[in-house]
Amino acid sequence: MRTRLRQLLVTAVALATASAALPAATAQSQDRQERPAHGGLSAVVRHTEYGIPHIVAKDYANLGFGTGWAQAADQVCVLADGFVTVRGERSRVFGPDEAPDRSLSSAGKNLSSDLYFRGVRDAGTVQKLLDQPAPRGPSRQVKDLMRGWAAGYNAWLKQRRISDPACGGAAWVRPVTALDVATRLYALSVLGGQGGTVDDITAARPPTGSATPAARTPEAQDLVRAVRELLPDGSMGSNAVAFDGSTTANGRGLLLGNPHYPWHGGRRFWQAQQTIPGELNVSGGSLLGTPTISIGYNAHVAWSHTVSTGVPFTIHQLTLVPGDPTAYLVDGTPERMTERTVTVAVKDGSPVTRSQWWTRYGPVLSSPDGELPLPWTTTTAYALNDPNAANLRFADTSLGFGKARSTADVLKSLSRNQGLPWVNTIAADSSGHSLFSQSQVLPRVTNEVATRCSTALGKATYPAAGVAVLDGSRGDCALGSDADAVQPGIFGPARMPTLKDAPYAENSNDSAWLANADRPLTGYERIFGTIGTQRSMRTRGAIEDVAAMAERGNLTVKDLQRQQFANRVPAGDLAADATARACAALPGGTATGSDGKAVDVAKACGVFKAWDHSMDTDSRGALLFDRFWRKLIRAVPGAQLWKVPFSAADPVRTPNTLNTDAPGFSRALADTVSELRTAGIALDAKLGANQFVVRGGQRIPVPGGTESLGVWNKIESVWNAAAGGYTEVSTGSSHIQAVGWDGSGCPVARTLLTYSQSSNPNSAHFADQTRLFSREKWVTSRFCEKDILSSPALKVVRVHE
């Protein structure tokens with residue numbers, strides 16, 4: 001049987017290799033006419049355990065075909081919903097007032113989403129980027145991948161029946177074009193800029209009448225707060241660590257990647273292996289709708305990403321021409337805004353037409369309900385400069401990683417393509433090298449430019465949050481260019497914070513400063529992030545863990561696996577014992593809640609004391625501390641929470657020593673006990689009984705903890721006391737990979753896709769890896785041919801148009 005299977009496989013690969021590719025000229029014509037691609041593309045797709053496809057094709061167009069086909073098989077409804085978004089058709093299909101899932105922008109309603117994406121389409125923004133020669137625009141290989149992906153998706157729609165109830169029989173599930181695929185990539189690139197301010201862009205209106213500008217001056221603290229929520233939208237983060245050969249058992253590198261992404265909607269990862277014999281062989285996770293591996297590994301190198309602290313946009317404060325709010329001054333010369341009129345079809349209603357206002361810097365922002373509190377008055381307006389609006393290079397950067405043979409090659413791809421919009425890169429290789437680099441597309445705002453050109457608002461926001469608000473009336477405040485930058489107005493590779501060959505290189509969404517606590521990175525501009533400031537609880541815990549691992553040495557992939565599921569709570573180590581003591585010392589065992597009522601908290605004291613300081617599913621006391629800690633940090637200002645303040649000389653261990661005398665401590669304790677009792681939850685309940693997902697009508701316990709607790713294995717759930725506590729997990733650990741090498745030519749890799757491969761409840765792969773995650777088990781990678789062919793679950797199919 002196995003011999004017969006191998007023979008079938010060889011025949012299938014030969015057939016794939018013999019397939020003809022679609023002529024490039026034909027593909028370009030179809031893209032421009034927005035018709036689905038045709039031309040006899042094909043690929044071999046081999047599925048192993050947990051539905052993971054291993055896609056083999058003879059070239060990039062055929063590889064894209066197999067990838068589009070396989071993604072459609074697992075995620076057709078989620079993908080189709082996203083294509084409705086990027087076409088600007090949500091209002092026509094679902095109605096204007098419904099809310100999109102925010103996976104491709106921050107739009108609060110379908111109408112604003114459509115106005116933005118229809119405007120992008122009408123302006124030809126993405127097509128213009130496709131037409132640019134590489135490396136400014138996408139390479140021919142990436143264009144072929146996108147064209148093939150569209151053809152594969154379309155072929156699956158034509159040849160298969162949709163079993164997912166989310167879109168089965170829906171008219172809005174339609175064929176797509178390569179331009180649709182490119183627009184989806186574009187949407188991901190601008191998430192931290194234009195995509196994060198869609199409501200502000202589409203609702204901006206020039207003032208009418210004699211508005212009093214002084215009464216509407218924006219507050220710096222409001223803008224700082226809004227920006228921190230915006231990057232890229234507050235729902236994503238990550239941990240990653242690379243160890244060099246000096247710390248490992250065999251002198252080769254190790255990488256643990258733990259990205260924190262939404263568990264639902266269009267920003268999920270999807271697992272695959274992509275192979276073009278002799279050209280490309282890479283495995284990992286792709287963001288849905290993208291044709292390349294976003295986070296992954298090959299026979300020589302592994303990489304992951306973490307959301308960075310770099311601010312990928314600038315704001316330009318415009319001085320308006322007196323009496324004309326749609327014209328602004330630059331060096332005293334009036335310059336008229338460009339009005340873009342966009343019309344959107346609406347379900348059961350007349351089409352809606354709105355204007356958007358654009359300047360030399362970018363779109364004008366203004367909305368009472370938008371993301372950024374920036375009013376448009378008779379004298380002042382604010383425009384957004386988002387350099388990622390000229391960036392369609394993410395896929396080429398990722399493809400370069402997939403073909404890399406070393407961390408040096410990863411750096412070469414970062415330098416050549418300069419396509420990462422809002423993430424850092426952490427990598428390790430089989431020769432024992434480690435790498436951290438904050439190589440991302442950032443507006444070229446140096447500290448000197450910010451000092452010279454910031455408005456009064458910018459003088460407050462730039463130091464506090466890295467948000468430059470520049471004087472748009474001065475030509476000498478235009479962003480300059482670095483000689484090594486691939487596009488004007490951004491930093492070049494030489495300016496990027498980079499750490500090579502450190503014993504460990506780690507990031508948990510703080511700035512580059514402490515990628516390695518013994519080799520801090522300094523000297524970068526404020527827009528990249530801070531230096532010498534307090535780190536998050538997750539960063540502190542992560543550095544403690546990985547520094548101890550590096551010092552211990554002799555590390556293997558198993559050590560990475562243990563770190564992922566240690567579920568240690570750094571906040572618990574710092575505060576739980578002190579909380580238990582202070583709780584036990586309360587007179588009469590009672591505390592006064594926010595409602596002024598006395599609450600018996602005596603039992604909670606013992607639960608805190610007995611808790612093991614972990615967020616395992618069977619941990620008792622974890623839920624109590626989780627709910628208490630959330631309330632405590634809201635009730636007590638950061639400056640009052642700890643007795644020992646932060647010190648830049650000891651950034652990992654400070655601040656410390658919980659201040660249990662702080663106003664709000666006992667109130668938070670009382671409110672927590674009342675909350676759990678009202679929800680009918682025992683104070684010593686197991687975490688897994690209350691932190692879970694429901695799949696097929698069954699609860700699956702989920703380990704891990706929230707951001708403020710500092711748990712490496714981050715999990716965020718939605719609390720609903722009326723429903724009895726936590727409901728579905730909303731975001732957290734997603735495509736996890738622990739990767740090393742042993743000299744065999746096959747990477748030693750263990751992976752987990754926490755929410756599983758398919759969103760279709762009728763799929764066999766709707767919850768299989770979620771159950772593994774619940775039990776803290778892993779999938780053993782099948783990367784080499786011998787491992788793929790030996791899979792007991794192996795299914796081989798040749799997919800074609």
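Small disclaimer: the values here were computed from a predicted structure and weren't measured.
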Salt bridge check: are [X] and [Y] linked by an N-O gap of less than 4.0 Å?
X	Y	answer
K158	E801	no
E89	R174	yes
R90	D81	yes
D180	R121	yes
K347	E98	no

For this session: Measure from NZ or CZ of R699 to the centre of the six-membered ring of F692 and say whether it is under 6.0 Å with the direction within 45° of the ring axis.
Result: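 The answer is yes, since R699 meets both limits relative to F692.
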Problem set entry | Stacked cation flag R87 on F117, 6.0 angstrom / 45 deg |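 The answer is no, since R87 fails at least one limit relative to F117.
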Problem set entry | Any side-chain heavy-atom pair of L256 and Q564 under 4.5 Å |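 In contact.
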Problem set entry | Validation row: H305, L420 side chains within 4.5 angstrom (heavy atoms) |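 Side chain of H305 against side chain of L420, heavy atoms only: contact under 4.5 Å found.
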For this session: Please test R147 against F65 for side chain to side chain contact (heavy atoms under 4.5 Å, CB included), starting from the C-alpha separation and ending with a verdict.
Result: CA-CA 8 Å; R147 173 170 58 86; F65 180 87; over 6 Å; no
Exercise. Does F269 have its ring centroid less than 6.0 Å away from the ring centroid of Y755?
Worked result: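 No, the ring of F269 stays outside the 6.0 Å limit from the ring of Y755, centre to centre.
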As an exercise, state the distance from [atom1] of [X] to [atom2] of [Y], rounded to the nearest 0.5 Å.
X	Y	atom1	atom2	value
R695	S774	CZ	OG	11.5 Å
I162	N762	CD1	CG	12.5 Å
Y726	N690	OH	CG	9.5 Å
S139	R393	OG	CZ	12.5 Å
L772	S756	CG	OG	8.0 Å
S112	R354	OG	CZ	11.0 Å

Any donor and acceptor pair, going by atom type alone, linking the side chain of [X] with main-chain N or O of [Y] inside 3.5 Å?
X	Y	answer
H47	V45	no
K58	I276	no
Q356	L115	yes
R267	S103	yes
N509	G237	no
T754	S733	yes

Exercise. Hey, mind stepping through E49 and R782 against side chain to side chain contact (heavy atoms under 4.5 Å, CB included) and telling me if it holds?
Worked result: CA-CA 9 Å; E49 293 92 333; R782 294 186 181 275; 2.8 Å; yes
Tell me the closest heavy-atom pair linking [X] and [Y], and the distance in Å.
X	Y	answer
S304	A240	CB-CB, 4.0 Å
P138	D396	CA-OD2, 3.3 Å
S105	V198	CB-CG2, 3.8 Å
M615	G705	CE-CA, 4.0 Å
N298	N281	CB-O, 3.2 Å
L288	R184	O-NE, 3.2 Å

For this session: Kindly indicate, with the supporting measurements, whether the criterion side chain to side chain donor-acceptor pair (under 3.5 Å) is fulfilled by Q75 and S759.
Result: CA-CA 6 Å; Q75 295 284 355; S759 295; 2.7 Å; yes
Exercise. Does the side chain to side chain donor-acceptor pair (under 3.5 Å) test come out yes or no for Y116 and Q194, once each step is laid out?
Worked result: CA-CA 9 Å; Y116 174 74; Q194 288 185 18; 2.8 Å; yes
For this session: Decide salt bridge (charged side-chain N to carboxylate O under 4.0 Å, His left out) for K128 and D131; before the verdict, give the C-alpha distance in whole Å, the side-chain angles of both, and the deciding distance to 0.1 Å.
Result: CA-CA 5 Å; K128 291 173 184 175; D131 291 341; over 6 Å; no
For this session: Assign the ring pair W172 / F94 to parallel, tilted or perpendicular, where the plane angle (0 to 90°) is split at 30° and 60°.
Result: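 Because their plane-to-plane angle is over 60°, the rings of W172 and F94 count as perpendicular.
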For this session: Please work out which of the three classes, parallel, tilted or perpendicular, describes the rings of Y261 and W422, given edges at 30° and 60°.
Result: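 The arrangement is tilted - the two ring planes meet at 30° to 60°.
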Problem set entry | Verdict with supporting geometry, N760 and S758, side chain to side chain donor-acceptor pair (under 3.5 Å) | CA-CA 5 Å; N760 181 358; S758 177; 5.0 Å; no
For this session: Could you verify whether a donor N or O on one side chain and an acceptor N or O on the other, from S91 and N110, lie under 3.5 Å apart?
Result: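 Result is no, nothing qualifies.
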For this session: Evaluate the criterion side chain to side chain donor-acceptor pair (under 3.5 Å) for residue pair E716 and T706; output intermediate values, then yes/no.
Result: CA-CA 5 Å; E716 300 288 350; T706 188; 2.7 Å; yes
Problem set entry | T292, I293, T425 screened by side chain to side chain contact (heavy atoms under 4.5 Å, CB included) with F401, the one that passes |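 Only one of T292, I293, T425 forms a side chain to side chain contact (heavy atoms under 4.5 Å, CB included) with F401, namely T425.
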Problem set entry | Residue pair L399, L280: steps toward the side chain to side chain contact (heavy atoms under 4.5 Å, CB included) verdict | CA-CA 9 Å; L399 183 59; L280 175 72; 4.0 Å; yes
Exercise. Per the ring-ring contact (aromatic ring centres under 6.0 Å, His included) rule, which among Y60, F83, W156 passes with W149?
Worked result: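 Single ring-ring contact (aromatic ring centres under 6.0 Å, His included) partner of W149 among Y60, F83, W156: F83.
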